[in-house]
Amino acid sequence: MQWKILGEFNLIDERYCVILAENERVKEGKRMKTNRKDGDSVYGEGDSKRQRIVDSPSSPSEEPLVPYNDDEDDERRALSHIGGGEEDGHRFETEEDDDDDDPFGQGSVLEKTNRQVEVRRDCPYLDTVNRQVLDFDFEKFCSVSLSNLNVYACLVCGKYYQGRGKKSHAYTHSLEAGHHVYINLRTEKVYCLPDGYEINDPSLDDIRHVLNPRFSREQVERLDKTKQWSRALDGSDYLPGMVGLNNIQKTDFVNVTIQSLMRVTPLRNFFLIPENYQHCRSPLVHRFGELTRKIWHARNFKGQVSPHEFLQAVMKASKKRFRIGAQSEPVEFMSWLLNTLHADLRTSKKSSSIIHKCFQGELEVVKDTQNKAISEKKESGGEQNGALKITDGVIENNNIAAETYRMPFLMLGLDLPEPPLFKDVMEKNIIPQVPLFNILKKFDGETVTTTVRPPARMRYRVTRLPQYLILHMRRFTKNNFFREKNPTLVNFPVKNLELKDYIPLPAPTKENERLRTKYDLIANIVHDGKPDEGFYRVFVQRKSEELWYEMQDLHVSETLPQMVALSEAYMQIYEQQQ
């Protein structure tokens with residue numbers, strides 16, 4: 001046994017010596033090659049043949065040991081990326097293989113190869129494309145492997161499949177079902193399978209526009225001036241920006257919030273152009289921008305949009321606080337969405353965002369709390385040292401600590417008066433009404449609001465008005481047993497809400513600046529029905545025609561401005577007059 005092992009070792013050692021000798025010979029050849037100048041050889045005539053043999057190896061096993069020209073290889077790679085020449089009237093492009101033959105992503109990065117893809121304008125299968133079944137509102141996941149890597153949509157049946165290599169799901173589907181035209185959902189390139197060539201035909205541009213709607217800055221500026229209707233593939237007409245949103249399951253609170261925010265012009269214009277937030281890596285920001293572009297797109301295949309992708313991003317970002325199938329309040333969702341978008345969009349902690357530029361105002365808060373030290377001393381019967389005066393059992397304000405500070409706000413919460421407990425003579429519930437100005441007095445700097453936890457008396461005063469003012473009427477109250485709804489109607493103006501007549505406002509900081517205190521209503525969210533069984537709808541204004549529309553999920557209908565003020569308002573957005 002020992003002799004056998006020694007024999008194997010000697011064999012390995014002999015091969016190792018041969019490899020070392022080959023390496024030394026190649027190094028010598030390289031060294032002599034670099035010493036040549038202007039074609040002169042340091043060898044003699046007989047030795048030049050020996051050098052040529054070293055420079056051009058005959059056996060493939062020696063090929064990795066021979067030096068190659070880096071510059072020529074880089075030049076060849078650069079030319080291959082630009083695209084090959086034309087052959088038989090067809091163009092060839094070189095592209096990187098995205099693990100098409102490895103649908104589960106188990107291959108290594110080193111295995112990716114560059115391959116030539118034929119680009120053709122003529123494809124005999126273009127007439128099989130069915131635009132009626134195409135729906136790009138859902139998540140880009142393969143319907144077989146449930147992976148979101150390298151996904152293609154079949155333009156014949158509308159289903160999503162992964163890859164286009166010979167072992168991929170899209171390739172298999174093309175052979176089984178006879179569907180041959182596929183679009184890459186990321187690169188927007190169209191391919192014919194199983195042949196594998198790329199289709200470059202202008203007739204497919206409308207599909208690319210629906211997959212990823214695009215707006216130029218000129219188109220964005222004209223959105224509020226155009227009155228043109230659009231027509232869907234089924235023949236129905238719709239207004240861009242006034243399309244219905246699909247209620248997937250108890251997601252009406254999301255739909256009314258989205259429809260309201262679509263009326264905020266600077267916010268909408270910002271998200272219509274992806275270059276504004278391309279630095280941001282948040283999926284929520286990009287899904288919100290994609291949904292905004294789809295709502296305002298004038299070349300949709302259908303007259304409604306499904307917020308499915310956006311809802312998936314919301315569920316992930318909120319850790320399932322807001323999810324499909326669970327009803328929530330629009331005010332909670334609006335507050336979370338605005339704060340999350342602001343945090344994701346800002347580049348540093350001190351920088352602002354489009355959210356704060358639109359909605360952020362400032363409040364001055366005066367908080368009166370009882371001084372605990374003085375109260376404890378009084379209760380223990382200690383010396384009063386003249387600071388606390390008691391007259392007829394009433395403690396003077398010396399033991400009240402007043403704290404004044406300023407805080408930013410994105411929306412203002414308004415308290416509704418308590419409804420009456422008893423019915424009237426006709427045995428019907430009395431529905432009280434209150435003017436908006438009465439509940440706005442909460443922010444006049446004098447009206448006291450009492451809080452229970454912690455016990456304090458608060459006074460609020462608006463010190464800076466935002467460009468867009470969000471008001472929330474607190475209709476719902478919770479106790480240990482059930483949830484109650486306050487049915488009080490709020491009377492509010494649709495146009496020319498003048499705030500300075502009802503709440504004191506600060507003077508403008510600059511001399512030539514004029515204080516803008518007039519607001520116009522642009523969105524009004526309404527709740528109908530019982531507290532736990534009701535639903536939300538929203539009234540929104542179309543600026544190009546100054547018409548009002550009522551929107552409830554997929555239902556969109558024109559309405560009168562008088563009907564807007566007769567509803568149980570829950571949340572409103574006012575726009576500052578410029």
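Heavy-atom basis, side chains included; hydrogens, waters and symmetry copies ignored.
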**Study point:** salt bridge (charged side-chain N to carboxylate O under 4.0 Å, His left out) partner of Lys302, the single match among Asp237, Asp135, Asp234
**Key:** Asp135
Check your understanding: After noting the C-alpha distance and the side-chain angles of Gln576 and Lys518, does the key distance pass the side chain to side chain contact (heavy atoms under 4.5 Å, CB included) rule?
Key -> CA-CA 6 Å; Gln576 195 176 54; Lys518 274 192 177 184; over 6 Å; no
**Study point:** Minimal non-hydrogen separation, Val256 against Pro330, with atom names
**Key:** CG2-CG, 4.0 Å
Review point. Just checking, is any N or O donor in the side chain of Asn212 or Glu290 under 3.5 Å from an acceptor N or O on the other one?
Key: no
Exercise for review: Using the ring pair (Phe, Tyr, Trp, His ring centres under 6.0 Å) rule, pick out the option among Phe136, Phe141, Phe138 that qualifies with His308.
Suggested key: Phe138
Review point. More than 12 foreign heavy atoms under 6.0 Å from NE2 of His279: is that the case here?
Key: yes
Review point. Should the pair Arg406-Glu362 be classified as a salt bridge under the 4.0 Å nitrogen-to-oxygen rule?
Key: yes
**Study point:** Any donor-acceptor pair under 3.5 Å from Asn491 side chain to Pro435 backbone
**Key:** no
Review point. So with a 6.0 Å cut-off around CD of Glu275, is the heavy-atom count from everything else above 12?
Key: yes
Exercise for review: Would you check, one step at a time, whether the test side chain to side chain contact (heavy atoms under 4.5 Å, CB included) holds for Val494 with Asn524?
Suggested key: CA-CA 10 Å; Val494 175; Asn524 182 35; over 6 Å; no
Check your understanding: Would you call Asp444 and Arg461 a salt bridge, using N to O less than 4.0 angstrom?
Key -> no
Practice item. Establish, yes or no, whether a centroid distance under 6.0 Å links the rings of Trp336 and Phe322. Key: yes
Review point. Which value, rounded to the nearest 0.5 Å, describes the distance between Gln541 atom CD and Ile522 atom CD1?
Key: 8.0 Å
Review point. Within 45 degrees of the axis of the six-membered ring of Trp548 and under 6.0 Å from its centre: does Arg542 put its NZ or CZ there?
Key: no
**Study point:** Any side-chain donor near an acceptor of the partner, Thr559 and Glu550, under 3.5 Å
**Key:** no
Exercise for review: Taking atom types as modelled, find out whether Asp252 and Asn247 have a side-chain donor-acceptor pair closer than 3.5 angstrom.
Suggested key: no
Exercise for review: Give a yes or no on this: more than 12 heavy atoms of other residues, nucleotides or ligands lie within 6.0 Å of atom CZ of Arg323.
Suggested key: no
Review point. Any chance the rings of His527 and Phe476 have centres within less than 6.0 Å?
Key: yes
Practice item. Determine, for Phe271 and Arg293, whether the Lys NZ or Arg CZ falls below 6.0 Å from the six-membered ring centre while staying within 45 degrees of the axis. Key: no
Check your understanding: How are the rings of His297 and Phe215 set relative to one another: parallel (under 30°), tilted (30 to 60°) or perpendicular (over 60°)?
Key -> perpendicular
Check your understanding: Do Glu364 and Thr404 have side-chain atoms, one donor and one acceptor, less than 3.5 Å apart?
Key -> no
Check your understanding: Taking the inter-plane angle between the rings of Phe310 and Phe288 on a 0 to 90° scale, is it parallel (under 30°), tilted (30 to 60°) or perpendicular (over 60°)?
Key -> tilted
Review point. More than 12 non-hydrogen atoms from neighbouring residues, nucleotides or ligands closer than 6.0 Å to CZ on Arg321, yes or no?
Key: yes
Review point. If you measure only the distance, is there a donor-acceptor pair under 3.5 Å linking the side chains of Asp520 and Gln577?
Key: yes
Review point. Are a donor atom and an acceptor atom from the side chains of Tyr536 and Glu329 found within less than 3.5 Å of each other?
Key: no
Practice item. Mind listing the closest non-hydrogen atom pair of Phe539 and Ser567 along with its distance? Key: CE1-OG, 3.9 Å
Check your understanding: Can you name the closest pair of heavy atoms from Ala232 and Gly303 and give their distance?
Key -> CB-N, 3.8 Å
Practice item. I would like to know whether Val331 and Met411 meet side chain to side chain contact (heavy atoms under 4.5 Å, CB included); could you show each step before the answer? Key: CA-CA 9 Å; Val331 62; Met411 64 175 69; 3.5 Å; yes
Check your understanding: Has the side chain of His286 got a donor or acceptor atom that lies under 3.5 Å from a matching backbone atom of Pro274?
Key -> no
**Study point:** Gap separating the OG1 atom of Thr187 from the CZ atom of Arg208, nearest 0.5 angstrom
**Key:** 9.0 Å
Check your understanding: Ion pair present between Lys140 and Glu309, side-chain N to carboxylate O less than 4.0 angstrom?
Key -> yes
Check your understanding: Could you give the distance from CG (Leu497) to CG (Leu471), rounded to the nearest 0.5 Å?
Key -> 7.5 Å
Point to revise | Pair Asp344-Ser282, side-chain donor/acceptor within less than 3.5 Å | key: yes
Practice item. Indicate the atoms forming the closest heavy-atom contact of Arg263 with Met242, along with that distance. Key: NH1-CE, 3.5 Å
**Study point:** Within 6.0 Å of CZ in Arg464, more than 12 heavy atoms from elsewhere
**Key:** yes
Point to revise | Side chain to side chain, Glu575 and Leu521, heavy atoms closer than 4.5 Å | key: no
Point to revise | Distance-only side-chain donor-acceptor flag, Gln162 / Asn150, under 3.5 Å | key: no
Exercise for review: I would like to know whether Ile503 and Leu505 meet side chain to side chain contact (heavy atoms under 4.5 Å, CB included); could you show each step before the answer?
Suggested key: CA-CA 6 Å; Ile503 56 176; Leu505 296 171; 4.2 Å; yes
Point to revise | N/O donor-acceptor pair under 3.5 Å between Ser544 side chain and Lys225 backbone | key: no
Exercise for review: Flag the pair Arg268 and Asp224 as a salt bridge only when some basic side-chain nitrogen lies within less than 4.0 angstrom of an acidic carboxylate oxygen.
Suggested key: yes
Revision key, fill the gap. Smallest heavy-atom separation, Leu489 atom then Arg475 atom, equals CA-NH2, 4.4 Å
Check your understanding: Should the heavy atoms of other residues, nucleotides or ligands under 6.0 Å from CE of Met315 be counted, would the total exceed 12?
Key -> yes
**Study point:** Glu545 atom CD, over 12 foreign heavy atoms within 6.0 Å
**Key:** yes
Review point. Should Gln433 and Thr488 be marked as a side chain to side chain donor-acceptor pair (under 3.5 Å) after you check the CA-CA gap, both sets of side-chain angles, and the distance that decides it?
Key: CA-CA 6 Å; Gln433 299 185 24; Thr488 303; over 6 Å; no
Exercise for review: Would you tell me whether Lys543 and Thr265 have side-chain atoms, one donor and one acceptor, within less than 3.5 Å of each other?
Suggested key: yes
Practice item. Could you walk me through whether Arg537 and Asp528 pass the salt bridge (Lys or Arg N to Asp or Glu O under 4.0 Å) test, one step at a time? Key: CA-CA 8 Å; Arg537 55 194 172 98; Asp528 296 318; 2.2 Å; yes
Review point. Is Ser318 reaching over with its side chain to a backbone N or O of Val314, donor-acceptor style, under 3.5 angstrom?
Key: yes
Review point. Shortest non-hydrogen contact from Asn269 to Asn276?
Key: O-ND2, 4.1 Å
Review point. Between Lys441 and Glu446, is there a donor-acceptor pair closer than 3.5 Å when you use the side chain of the first and the backbone of the second?
Key: no
**Study point:** Backbone N/O of Ser335 and side chain of Asn339: donor-acceptor pair under 3.5 Å
**Key:** yes
Exercise for review: Please round to the nearest 0.5 Å and tell me the distance separating atom CG of Leu284 and atom CD of Gln312.
Suggested key: 12.5 Å
Practice item. Using a strict cut-off of less than 4.0 Å between a Lys/Arg side-chain nitrogen and an Asp/Glu carboxylate oxygen, indicate whether Lys485 and Glu568 qualify as a salt bridge. Key: yes
Study note, to complete from the structure: In this structure, NZ of Lys294 is separated from CG of Leu245 (nearest 0.5 Å) by 11.5 Å
Point to revise | Euclidean distance, Phe270 CZ relative to Ile355 CD1, rounded to 0.5 Å | key: 8.0 Å
